[in-house]
Structure formats: C-alpha cells, structure tokens
Amino acid sequence: MSALPRSYYDRDTLAVARDLLGCTLVHDTPRGRAAGRIVEVEAYHGEEDPACHAAAGRTLRTAPLYGHPGFSYVYLIYGMYHCFNVVTRGEGHPSAVLVRALEPVEGLDLMRERRALRRRGAGPLAERDLANGPGKLCAALGITLEHNRADLIHSPLRVEAGAPPGAVVWTPRVGITVGTDRFWRCFVKDSTHVSRSHLNRVLAEVPRPATV
DNA sequence: GTACAGATAAACT
DNA sequence: GTTTATCTGTACA
C-alpha cells in the first residue's frame, strides 16, 4: 500500500474530509507500525471560518495551513494533547482536515503501551478507547509536534486508500465556541469508534454541505 | 449512564 | 497574562 498522492489533498476541503473516511492513517516507527481506519474528521476552512486557526491570520503556528497540501499540521492543545491535521487545497488557501478518530487496525499493543503512559491508575484500555478522539489517536500513533509540517506523501507518517464507508453523518464541529453553524464534522454512521458518542444522538444530521 | 474540575505548555496579545 | 479544534478521574444517578 502506498500513500495517497498530493493531488488527493489539493481539492475542496469538505470533499477531502469526506473521502478520508475509510482510509488508513499509518505511522511506521522503530518500535513498529501502528495504523487505524479513519472514522471521524472535521474540516477547517480558510480565514473566513471563525473556528479555523487561520482566522487569526498567518502566524508562526498557523504557517503550515498556508503551505502545500498533503503536509501535516500538528499542534499542542490544552498543554497536554496533540491534534493531527492534513493540509488541503493549494498554497495560500489555509485549510485542513482534523482527524478525530480511528478504528485501530494494526499495532494494537503498541497503541496500548503509548496510551497507557498518559494514564495514572486505571486498568487496561478497551480497543475502542485507544484512538476514539483527536488527542488519543495522536498518543496511540506517537504523533507529536516533531511531526508538524511532515510531508505525508514521503514520510513514515502517511494516509493510504481504504474501503469507502457506508453511510456518513455531518454535524457541527466539536469543542469550539464559534462557527458552530457549519456542519463540517463528518463521521461513519455505524462506527463504534467515533469520539464523544454521547453527543451524537442529539446533534442534527444534514446532507453533505455545499463545497467550499 | 451524565456532570464537573483540573491538568499543563505553546502561541499569541 | 490569556487562550486553547482534550482527556481523565471522581462523584452521583
């Protein structure tokens, strides 16, 4: 299996978000391979999207969003967790897709080890809790700030094609206080590996939004 | 099952 | 000094 080509990411951000569902996020390291099927994503699009980090303009932190498609944008959130994005569209159009949840496929033991490092007491983690959140999947795959601005086409960190999912659902994005009117979160409807499952029932479902 | 407090550091004002 | 695209343990139903 090879990485998705750069042209895949140089498209409408919502289309890329939708199409990434069912693909596999893979990270090869000296400790082994960890991989998971992408089941939940969010689109962040342009300086006019108030929830996009680029809404604050181009800074040291947001520079990757303005760069080439097919590169990563990783940042630290709440001082403890990392969030992994893939940059979409051409240079100068600051937009990206946040990967929010994976269904573990390969390297489950490695994922469990990495995740356990972050927990205090606690028993063994259930398979569904390994990567069902943006911070969790970064921990499980060993993604840190050093993977910011990585070229996902030529890197141990990459996205590979996978079987398209069945029905998908679009809802407002999670964890933000602005831009909640845009239904730019997308997840595999039947997946048991989606984040914040307790919210999913009350959120409205809409057809695929217009392209951006 | 739901609700809440607290952890913790980089970037930005 | 403030903000933050989160997660976890504890408390309670």
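Chain identifiers are assigned alphabetically (A, B, ...) following the order of the sequence lines, protein sequences preceding nucleic acid strands; residue numbering begins at 1 within each chain. Computed from a predicted model, the values in this text were never measured in an experiment.
- Within 6.0 Å of atom CZ in A:R6, more than 12 heavy atoms from other residues, nucleotides or ligands are found, so the atom counts as buried in its surroundings.
- Between A:R61 and C:dA5 there is no side-chain polar atom (N or O) within less than 4.0 angstrom of OP1 or OP2.
- Shown for residues 133-140 of chain A: residues whose heavy atoms fall under 4.0 angstrom of DNA chain C, namely A:G133, A:P134, A:G135, A:K136.
- The separation between A:L76 atom CG and C:dT3 atom P is 18 Å, rounded to whole Å.
- A close approach under 4.0 Å does occur between a side-chain nitrogen or oxygen of A:R100 and OP1 or OP2 of C:dT6.
- With a 4.5 Å cut-off on side-chain heavy atoms, A:R100 and A:P134 count as touching.
- The CG atom of A:L145 sits 7 Å away from the P atom of B:dA11 (whole-angstrom rounding).
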So which protein nitrogen or oxygen atoms get under 3.5 Å of nucleotides 11-13 of chain C's nitrogens or oxygens?
none

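- At whole-Å resolution of the value, CE in A:M80 and P in B:dT8 are 6 Å apart.
- Both geometric conditions, a ring-centre gap below 5.5 Å and a plane tilt below 30°, are not fulfilled together for A:Y81 over the base of C:dT6.
- Remark: A:D129 CG to A:H193 NE2 distance equals 9.5 Å, nearest 0.5 Å.
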**Message:** Wobble G-U and Watson-Crick pairs count when both distances are under 3.5 Å; given that, what is the 5' to 3' dot-bracket string of DNA chain C, with | for pairing to other strands?
**Reply:** ||||.|||||||.
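- In this structure, CD1 of A:I77 is placed 17 Å from P of B:dA7, rounded to the nearest angstrom.
- Between A:L60 atom CG and B:dT13 atom C1' there is a gap of 15 Å when expressed in whole angstrom units.
- Transitive grouping of hydrophobic side chains (ILVMFWY, heavy atoms separated by less than 4.5 Å) keeps A:V87 and A:L76 in distinct clusters.
- In this structure, the side chains of A:K189 and A:V168 stay at 4.5 Å or more apart for every pair of heavy atoms.
- Side-chain contact between A:V99 and A:V159: absent, with no pair of heavy atoms (C-beta onward) separated by less than 4.5 Å.
- One can place NE2 of A:H82 at 11 Å from P of B:dA9, the figure rounded to the nearest angstrom.
- Between A:L157 atom CG and A:T29 atom OG1 the span is 11.0 Å, to the nearest 0.5 Å.
- Evaluation of atom-type donor-acceptor distances gives a pair under 3.5 Å for the side chain of A:Y75 against the base of C:dA5.
- Heavy atoms of A:R173 sit nowhere under 4.0 angstrom from any nucleic acid atom.
- Summarising the geometry, the separation between CG on A:D129 and C1' on C:dT6 is reported as 14 Å, rounded to the nearest angstrom.
- Going from atom SG of A:C23 over to atom CG of A:L4 covers 5.0 Å, rounded to the nearest 0.5 Å.
- The nucleotide whose nearest atom lies closest to any side-chain atom of A:R115 is, among C:dA5, B:dA10, C:dC7, C:dC7.
- Aromatic rings from A:H147 and A:H27 are positioned such that their centres are separated by under 6.0 Å.
- A:I176 comes within 4.0 angstrom of sugar-phosphate atoms only, judged by non-hydrogen atoms across all strands, and of no base.
- Rounded to whole angstrom, the span from the CD1 atom of A:I143 across to the C1' atom of C:dA5 amounts to 15 Å.
- Distance check, rounded to the nearest 0.5 Å: CG of A:L102 to CD1 of A:I38 gives 6.5 Å.
- The cationic group of A:R11 lies under 6.0 Å from the six-membered ring centre of A:Y8 and within 45° of the ring axis, placing it in a cation-pi geometry.
- Considering A:E106, A:E160, A:E103 as possible partners of A:R37, the one that fulfils the salt bridge (charged side-chain N to carboxylate O under 4.0 Å, His left out) test is A:E103.
- Phosphate contact (OP1/OP2 of C:dC7, side-chain N/O of A:R196, threshold under 4.0 Å): absent.
- For residues 30-59 of chain A, every residue pair satisfying the ring pair (Phe, Tyr, Trp, His ring centres under 6.0 Å) rule, not counting sequence neighbours, is listed here: A:H53-A:Y73, A:H53-A:Y75.
- Only A:Y44, A:A51, A:H53, listed by number, bring a heavy atom of residues 36-56 of chain A to less than 4.0 angstrom from any atom of DNA chain C.
- The side-chain contact (heavy atoms from CB on, under 4.5 Å) search around A:A54 returns A:E47, A:C52, A:L65, A:Y66, A:P94, not counting sequence neighbours.
- Side chains of A:R158 and A:D28 form a contact here, defined as non-hydrogen atoms less than 4.5 Å apart.
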